[in-house]
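The chains referred to below are lettered A, B, ... by the order of the sequence lines, with proteins before strands, and numbering in each begins at 1.
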Protein chains: 6
Amino acid sequence: MRPSERTPDTLRAITLETAVNRYAEGSCLITAGHTKVLVTCTVEESLPGWLRGKGQGWVTAEYGMLPRATHTRGRREAAQGKQSGRTQEIQRLIGRSLRAVVDLKALGERQLTLDCDVVQADGGTRTASITGAWVALRLATKYLLDEGVLKVDPILDHVAAVSCGVFNGVPVLDLDYEEDSNAEADCNFVLTGAGDIVEIQATGEKRGFTRAEFESLYGLAEKGINELFAMQKTAVG
Amino acid sequence: MRPSERTPDTLRAITLETAVNRYAEGSCLITAGHTKVLVTCTVEESLPGWLRGKGQGWVTAEYGMLPRATHTRGRREAAQGKQSGRTQEIQRLIGRSLRAVVDLKALGERQLTLDCDVVQADGGTRTASITGAWVALRLATKYLLDEGVLKVDPILDHVAAVSCGVFNGVPVLDLDYEEDSNAEADCNFVLTGAGDIVEIQATGEKRGFTRAEFESLYGLAEKGINELFAMQKTAVG
Amino acid sequence: MRPSERTPDTLRAITLETAVNRYAEGSCLITAGHTKVLVTCTVEESLPGWLRGKGQGWVTAEYGMLPRATHTRGRREAAQGKQSGRTQEIQRLIGRSLRAVVDLKALGERQLTLDCDVVQADGGTRTASITGAWVALRLATKYLLDEGVLKVDPILDHVAAVSCGVFNGVPVLDLDYEEDSNAEADCNFVLTGAGDIVEIQATGEKRGFTRAEFESLYGLAEKGINELFAMQKTAVG
Amino acid sequence: MRPSERTPDTLRAITLETAVNRYAEGSCLITAGHTKVLVTCTVEESLPGWLRGKGQGWVTAEYGMLPRATHTRGRREAAQGKQSGRTQEIQRLIGRSLRAVVDLKALGERQLTLDCDVVQADGGTRTASITGAWVALRLATKYLLDEGVLKVDPILDHVAAVSCGVFNGVPVLDLDYEEDSNAEADCNFVLTGAGDIVEIQATGEKRGFTRAEFESLYGLAEKGINELFAMQKTAVG
Amino acid sequence: MRPSERTPDTLRAITLETAVNRYAEGSCLITAGHTKVLVTCTVEESLPGWLRGKGQGWVTAEYGMLPRATHTRGRREAAQGKQSGRTQEIQRLIGRSLRAVVDLKALGERQLTLDCDVVQADGGTRTASITGAWVALRLATKYLLDEGVLKVDPILDHVAAVSCGVFNGVPVLDLDYEEDSNAEADCNFVLTGAGDIVEIQATGEKRGFTRAEFESLYGLAEKGINELFAMQKTAVG
Amino acid sequence: MRPSERTPDTLRAITLETAVNRYAEGSCLITAGHTKVLVTCTVEESLPGWLRGKGQGWVTAEYGMLPRATHTRGRREAAQGKQSGRTQEIQRLIGRSLRAVVDLKALGERQLTLDCDVVQADGGTRTASITGAWVALRLATKYLLDEGVLKVDPILDHVAAVSCGVFNGVPVLDLDYEEDSNAEADCNFVLTGAGDIVEIQATGEKRGFTRAEFESLYGLAEKGINELFAMQKTAVG
């Protein structure tokens, strides 16, 4: 039995609230159970130096956690003077995941930055960030299309993500923190609307796990992510 | 005429929502017009080294802004590798303001940290942080009293803050961003429930301003802060 | 009775020695009792990037303390790898205070940097820095006028500063360290020659303090600063 | 046709040279084609603070690249003042991979650090690091067993890693740099001697890739890693 | 002819003013021509962790330059966030030079820190720092002996330093900045009262220089340093 | 008797292996007894900003030690976030030493960077770095001449370095770690093929040492460096 009493193939309650920031070109507050991530998408008409003059744009992401997003207070990275390895790993993943479904040439020479700030954490913050960031990105590019700044839609497909794991020997969908911290295996799947793989990160936490278990997790992820795509569609209208 | 069409002595619409974080011992989301600051109060049963063994506790604050809290995206301080001078100045002010109304001996050897994170900014984020932080602090100490961890209430009085300024030659209460960026003078007042001064920071922005103008601003601040005290009382029940 | 045996409205012995650095365009060693701050004004024919091409100049300040300026040795900020929040707060204050009396357009596209280095500290280093920095700035701009680099005098007025506080229940002028560390209230006043407010920073140290006390401190500050203006005039000839 | 003229399921020429450092408790120079990684294993009789007193040891890894390990010179991270996100991601992966096959309790309260320094890079440095680090770790623990410091062997199994990818539409084993920088998909597999998954990192580089392609890569990885296990066995005698 | 019209074997005008800081246990302002270095010696009854419990003390040095100590303003190291390689090299040299004439066991478990801050620079700041630091150290240890804190004098000998160089083909003593920046060779000599070598740093600036030239410089240094010893004796009474 | 059983004027076994890196324009692995330094020379067709447009090139060096190059593991500077004072001092010395024998104008507007990475340390790493760096530099410039990028050979002479010291009262050539850590004096000599001084760094470790001892060390260094020149000639063919 899962601590949340969900069946193995059930997602947490997910909401995708849009237009939650008065200034951002696109924004989304994604809630997955007790996990809450605020995502804004900022459009800037300039590019980092190494990308200028190549006739394409860029999509990047930054990730952060408010200090008390967690059970015990974590130290503020700004006060620490650096982002942890974990933070950098996550924001690189989010950026790669979104670029996989964007036509950078169609963006033109501008940069879109997805800021994913975890307001409350209960497991799955990186996958929630990806799912929510797609919504914010979709809204920002829609705005650019509506304004006539973009002529061609640069968004090629949906992308969404979920974590699955083996908990008490059972493959389950969408781990919460209590499951995650006791799971035998933890896999993050990032898939496109077409069902293709953008990224898989599978980690055996306590022991290695088998290929058969991995295949079960993959199946659960496909089910869950398809549900997320439907919610994304509703959210962006 | 003020851009917001308020009269000179009118506060913005203020709300103080409590219990907005599932883990923190006290929390408050303060809204002042379009300014939104999420405050959590964390209780830790340990002290920084320089304070240990002195038979007293400590109250401190940290302040941050989400990158897209503002009209244009600001750089993330964690990515920059340091907190700006402005951030440090503000968090020092918040800490001092709250310590002014706390009996540190009554706290015992524990630390209370107020994290003030600006989710959306439209002027007055440091004063909103102070007003909201008092609520979060009050709730956290109430929790410690209810749990029997504290025997004596360490909170000595209310504290709240507001900014006033001279805008188009007229002294006005509670500047929003549009006013703030065009004001001739900008004063932050932090007062106790008893009406005493905790901190005044008065700055002539474009020209110096006169003692008479300063006295008008002081009067407006007293009016506004008294209204904030009433809202704090309601919020903490 | 004050530890220094001064009456409540008496400044410490102040001297303003000029031309103390062989290279700087303007320089001043200000002594206030045992507090000594060495100020140099450097003229550079370039501006930080964000200011270029706007047809105006800039005045900025940096502040530092020699490690053994104080009773016990403080850590060297360069060795620490960062300036403290206090240092940044002070240097921002000094810069703002001087810009309040400078016509930046008349300066042309050049930057003037005031370096304020505390050689010995006995309270009031930030206010002494401001008072001395005006002298160094005045001398540097005079030099630019004499050389024909500037055609119009960019200095609009005097600016000087002093701290006042409530010590043993009595409002007193120009706190030294012993008073400052035991004061009930500590207020820094920065005023122009015309008597206008550039900046007021009032802090209740142990308890809040009353508006009546604040008004007394303001009166003392006006008296003291007028005396400083006279000394500045003598110093710059 | 692969640039190296290998068949799709052929590893590069691999060598595992041991005892390459005169001081380290275990060491290995792994060569995979033109990729060369020098790995040392250091035993220290102390633990980081957060691990002390828990009756277990720790295995950790650090990763670096000499500046001219690559075609064009990369900036030295020590001179930059920080490790890149990529570096941190890799060293976290190496540490996790090794801990998966170590009984930390059997290690006792000591730390083993694997330093993986890339002397020359031609793709696959992170997977080569893992494969070589197991050898260095095995030798260091053997030394501790021989010396009687350890009574029980803490090494539970082999671990090795390889990258596979889709190059010109064909799934291939053990990507070199030329393939890696043009691959449609890049997957790193870290498996135990028992065939269990320690970690899978699959990334679609240009487009998403299909589940069927992923399964082919998985099969290639199992073949390649089994060959690596044989080489590890020979290397440690 | 030297720019300063000195003969090749003449030192600049040197003064050693003592007791220039009201708080430090020992202090000295050394002037060598236009070079001015303020040195304080601080006694602390504690040691860095790696030295504790070894029954000996430590002598260390820190070095800094005020930003406008030089013809053009240098950037403030505290604002830069780090000490330059040059600064670190110099402060390591000063510390080593002084430790060469101190019996660290006789010091007991305390640390003496020499802060050498260059107020004005015209060449030779590192050698002036050493010569002045000996005076400050002598005064601080004298104070500790007078107070009965030390029973045995830990100062074993004098140490002083000077730079010599080949300027326009002629070996000269005590280079000033104009000579230093055009010299063919630049050598710093640090010698003890007994005439022994503590440190020699010889650098060919434009071309290598000959052993014969080096021997001439050595002779000049011995002459100059003997004069410095006499001045040190006078300064410490 | 020396721990290595060498006579006082005998170098350690030295080897200079070239072309050890597949990408660098020049490379050399220098071995001196158990000390091993890998040097690469990188040619870049750009210069740091402060050197551009002056019609000359630049030669610079960076130095690092692998963490387990030493008996006990040292902390990785990249992980520490900064290079130590020692590292900076050494890399500045290497750069100066090589520039002394290069015609920077003949180089044209390009930069050559010597990366000296210590793979194993047993004393004398800075002098080995210089000797090996000359070989890598020679090979890289030869390559540029062969390719027709350079028309004139910018290398003016050989440069090599060795350390000498007083060990158990006897002057000896080429200290290893055991000698170095017990020597009474330690001198690094950097000389040109013509026998001129590029740099001498002489340090009295425990006591000062005499001029007569210094002269003996100088004689040993001249002998040893002449042997190194012969090996350099052989290495570069």
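D:Asp117 touches chain F through its side chain: at least one heavy atom from C-beta onward sits under 4.5 Å away, while N, CA, C and O do not. Proximity to chain F is limited to the side chain of D:Thr40, based on heavy atoms less than 4.5 angstrom apart. Heavy atoms closer than 4.5 Å to chain F are found in the backbone of D:Val20, but not in its side chain.
Among F:Leu38, F:Thr113, F:Thr87, the residue making the largest number of heavy-atom pairs under 4.5 Å with chain D is F:Thr113.
Residues forming a salt bridge (Lys or Arg N to Asp or Glu O under 4.0 Å) with D:Asp157 (at least two apart in sequence, or on another chain): none. Residues passing the side chain to side chain contact (heavy atoms under 4.5 Å, CB included) test with D:Glu184, sequence neighbours excluded: D:Val166, D:Arg207.
Separating the NZ atom in D:Lys36 from the CG atom in F:Asn21 is a distance of 8.0 Å, to the nearest 0.5 Å.
The environment of F:Tyr23 atom OH is dense: over 12 non-hydrogen atoms of other residues, nucleotides or ligands sit within 6.0 angstrom. Residue D:Glu44 qualifies as enclosed at atom CD: its count of foreign heavy atoms under 6.0 Å is above 12. The environment of D:Tyr143 atom OH is sparse: at most 12 non-hydrogen atoms of other residues, nucleotides or ligands sit within 6.0 angstrom.
In this structure, the side chains of D:Glu77 and F:Glu77 stay at 4.5 Å or more apart for every pair of heavy atoms.
Contacts of residues 122-138 of chain F with chain D at a heavy-atom distance below 4.5 Å involve F:Asp122, listed in sequence order. Among residues 63-74 of chain D, the residues having any heavy atom closer than 4.5 Å to a heavy atom of chain F are, in sequence order, D:Tyr63, D:Gly64, D:Leu66, D:Pro67, D:Arg68, D:Ala69, D:Thr70, D:His71, D:Arg73.
For D:Arg22 against F:Gln120, the heavy-atom pair with the smallest separation is N-OE1, 2.8 Å. Heavy-atom minimum distance, F:Cys116 versus D:Arg76: N-NH2, 4.2 Å.
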